[in-house]
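One is the number of the first residue; the rest follow in order along the sequence.
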Amino acid sequence: MAAPTRIALIGYGFVGKTFHAPLIAAVDGLELTVVASRDADKVHADLPAVEVIADAYRAVADEHVDLVVIASPNDTHAPLARAALEAGKHVVVDKPFTLDLAAARELAALAARHGRVLSVFQNRRWDSDYLGVRQVIEQGLLGRLAHVESHFDRFRPEPRVRWRESAGAGGGLWYDLGPHLIDQALQLFGLPQRIQAHMAIQRDGGQATDWAQVLLDYGSLRVILHASMLVAGGGARFILHGSRGSLLKPLADRQEAQLLAGVRPGAAGWGEDPDDMLFYDGSGQVSRLPTPAGDQRRYYAMLRDALCGQGANPVSPLQAITVMAVLEAAIEAATSGRSVTLSLSDEERGAWPHRSAQA
């Protein structure tokens with residue numbers, strides 16, 4: 001049996017503790033051996049056997065580590081990934097990949113020079129809501145799509161004192177949730193022709209963007225990406241309208257809620273989604289369509305296989321670059337009030353095969 005891939009997890013805040021550590025533990029062939037954190041007691045309460053190193057750069061360079069997973073604040077992603085690649089490690093970076101497109105391209109080139117796997121943690125590719133919508137689109141049930149809305153909405157009317165909601169680099173809702181919304185849209189429809197956007201700070205005392213609405217223009221198809229901190233209910237995760245009917249997916253995937261409740265990935269009921277999709281055929285008939293189960297373990301299982309040379313990188317550097325290009329273009333569009341096109345090389349555009357919204 002092959003030796004497990006030994007992993008250093010950089011950061012044990014919300015994302016590292018809630019997502020990465022449990023998902024890694026649930027995938028055969030992966031072994032979490034080091035955690036970079038200044039709070040050893042917090043880590044050891046969950047993971048008594050791991051080594052805790054306070055200095056992230058020491059953890060990145062640990063000679064016993066094969067793969068570095070970076071789940072630290074957004075402004076540390078690029079420098080830590082650079083250090084890990086230069087130390088000869090494979091690297092997973094939590095989203096956002098970097099703070100700007102230039103840094104994303106630099107890291108991709110560095111990984112290529114060192115012959116290392118570089119990937120971005122897009123776990124929402126394996127959410128039940130997204131998988132259900134993708135299935136319906138691929139079946140052609142909606143016909144030619146005209147309008148799609150994808151929402152990541154929350155209700156947190158009072159800002160929290162944490163780096164994600166600060167005015168610093170990489171703070172705000174668009175950097176936090178935008179990469180997931182963008183990645184899912186690019187998987188379904190490819191790269192848009194133009195981008196328009198509006199962003200705002202709506203909460204009293206807010207310091208960073210807490211509302212964003214981004215329009216991806218695909219010609220006859222319009223895709224709206226929406227994120228807000230002031231939605232208490234009454235919305236939907238996905239809304240789609242096409243030439244043969246409409247689809248509503250009311251509620252979001254449950255895996256994050258399950259993880260927060262202490263459910264182990266792979267346990268009974270893991271990823272199951274009892275919230276049906278609703279199909280409106282235009283004649284007054286409404287049909288319930290079952291939502292397939294989600295399973296975010298698939299990201300790490302595919303990454304394990306890629307490291308063994310038995311599969312493709314689940315999220316390639318080129319795909320991560322294009323997500324950053326859209327993220328950055330939306331900020332430019334919101335700031336300037338103009339419609340913005342993507343400036344990408346032919347190789348970068350090739351990260352996403354042409355996808356059609358036609359039946």
Can you tell me if [atom1] on [X] sees more than 12 non-hydrogen neighbours from other groups inside 6.0 Å?
X      : atom1 : answer
Arg58  : CZ    : no
His147 : NE2   : yes
Gln139 : CD    : yes
Asp55  : CG    : yes

[atom1]/[X] to [atom2]/[Y] distance, rounded to the nearest 0.5 angstrom?
X      : Y      : atom1 : atom2 : result
Gln196 : Arg338 : CD    : CZ    : 12.0 Å
Arg113 : Leu110 : CZ    : CG    : 5.0 Å
Asp253 : Leu131 : CG    : CG    : 8.0 Å
Asp204 : Glu158 : CG    : CD    : 9.0 Å
Arg6   : Leu67  : CZ    : CG    : 11.5 Å
Asp129 : His151 : CG    : NE2   : 12.5 Å

Quick one: are [X] and [Y] in side-chain contact, heavy atoms under 4.5 Å?
X      : Y      : result
Ile53  : Val35  : no
Leu173 : Trp211 : no
Ile137 : Leu240 : yes
Leu141 : Arg244 : no
Ile182 : Trp174 : yes
Trp270 : Leu259 : yes
Gln296 : Asp127 : yes
Glu348 : Arg105 : yes

Between [X] and [Y], is there a shared hydrophobic cluster once you connect ILVMFWY residues whose side-chain heavy atoms come closer than 4.5 Å?
X      : Y      : answer
Val323 : Leu342 : yes
Leu289 : Val148 : yes
Ile239 : Phe152 : no
Val69  : Val117 : yes
Leu344 : Leu318 : yes

What pair of heavy atoms forms the shortest contact from [X] to [Y], and how long is it?
X      : Y      : result
Pro290 : Asp276 : CA-OD1, 3.8 Å
His241 : Ser246 : ND1-OG, 2.7 Å
Asp273 : Ser128 : OD2-OG, 2.7 Å
Gly245 : Phe279 : CA-CE1, 4.0 Å
Leu101 : Ser343 : CD2-O, 4.5 Å
Val93  : Leu118 : CG2-CD1, 4.2 Å

Salt-bridge test for [X] and [Y]: reply yes if a basic N is under 4.0 Å from a carboxylate O, no otherwise.
X      : Y      : value
Asp217 : Arg222 : yes
Asp295 : Arg298 : no
Glu256 : Arg124 : yes
Asp210 : Arg203 : yes

Any donor and acceptor pair, going by atom type alone, linking the side chain of [X] with main-chain N or O of [Y] inside 3.5 Å?
X      : Y      : answer
Gln258 : Gly271 : yes
Arg254 : Glu272 : yes
Arg349 : Leu191 : no
Thr76  : Pro73  : yes
Gln255 : Trp126 : yes
Thr291 : Gly132 : no
Thr335 : Glu332 : no
Lys42  : His44  : no
Asn74  : Gly170 : yes
Arg125 : Pro314 : yes

(request) Show your working on side-chain contact (heavy atoms from CB on, under 4.5 Å) between Arg82 and Leu107 and close with a plain yes or no. (result) CA-CA 6 Å; Arg82 188 180 303 113; Leu107 289 180; 4.0 Å; yes
Could you check whether [Y] and [X], counting side-chain N and O atoms only, form a donor-acceptor pair closer than 3.5 Å?
X      : Y      : value
Ser119 : Asn313 : yes
Ser150 : Tyr130 : no
Asp281 : Ser283 : yes

(message) Under the rule for ring pair (Phe, Tyr, Trp, His ring centres under 6.0 Å), what residues qualify as partners of Tyr218, not counting sequence neighbours?
(response)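 Expected list: Phe189.
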(request) Applying side-chain contact (heavy atoms from CB on, under 4.5 Å), run through Gln319 and Trp352 and close with a yes or a no. (result) CA-CA 7 Å; Gln319 290 178 346; Trp352 303 99; 3.7 Å; yes
(message) Between Leu30 and Leu303, is the side-chain contact (heavy atoms from CB on, under 4.5 Å) condition met? List the steps.
(response) CA-CA 10 Å; Leu30 302 180; Leu303 179 71; 6.0 Å; no
(request) Quick one: do His114 and Glu86 satisfy side-chain contact (heavy atoms from CB on, under 4.5 Å)? Show the steps, please. (result) CA-CA 7 Å; His114 286 276; Glu86 290 175 344; 4.3 Å; yes
Kindly list each side-chain donor-acceptor pair under 3.5 angstrom involving residues 12-25, sequence neighbours excluded, with atom names and distances?
| residue | atom | partner | partner atom | Å |
| --- | --- | --- | --- | --- |
| Tyr12 | OH | Asp46 | OD2 | 2.8 |
| Lys17 | NZ | Asp46 | OD2 | 2.5 |
| Thr18 | OG1 | Phe14 | O | 2.7 |
| His20 | ND1 | Tyr300 | OH | 2.7 |
| His20 | NE2 | Asp94 | OD2 | 2.6 |

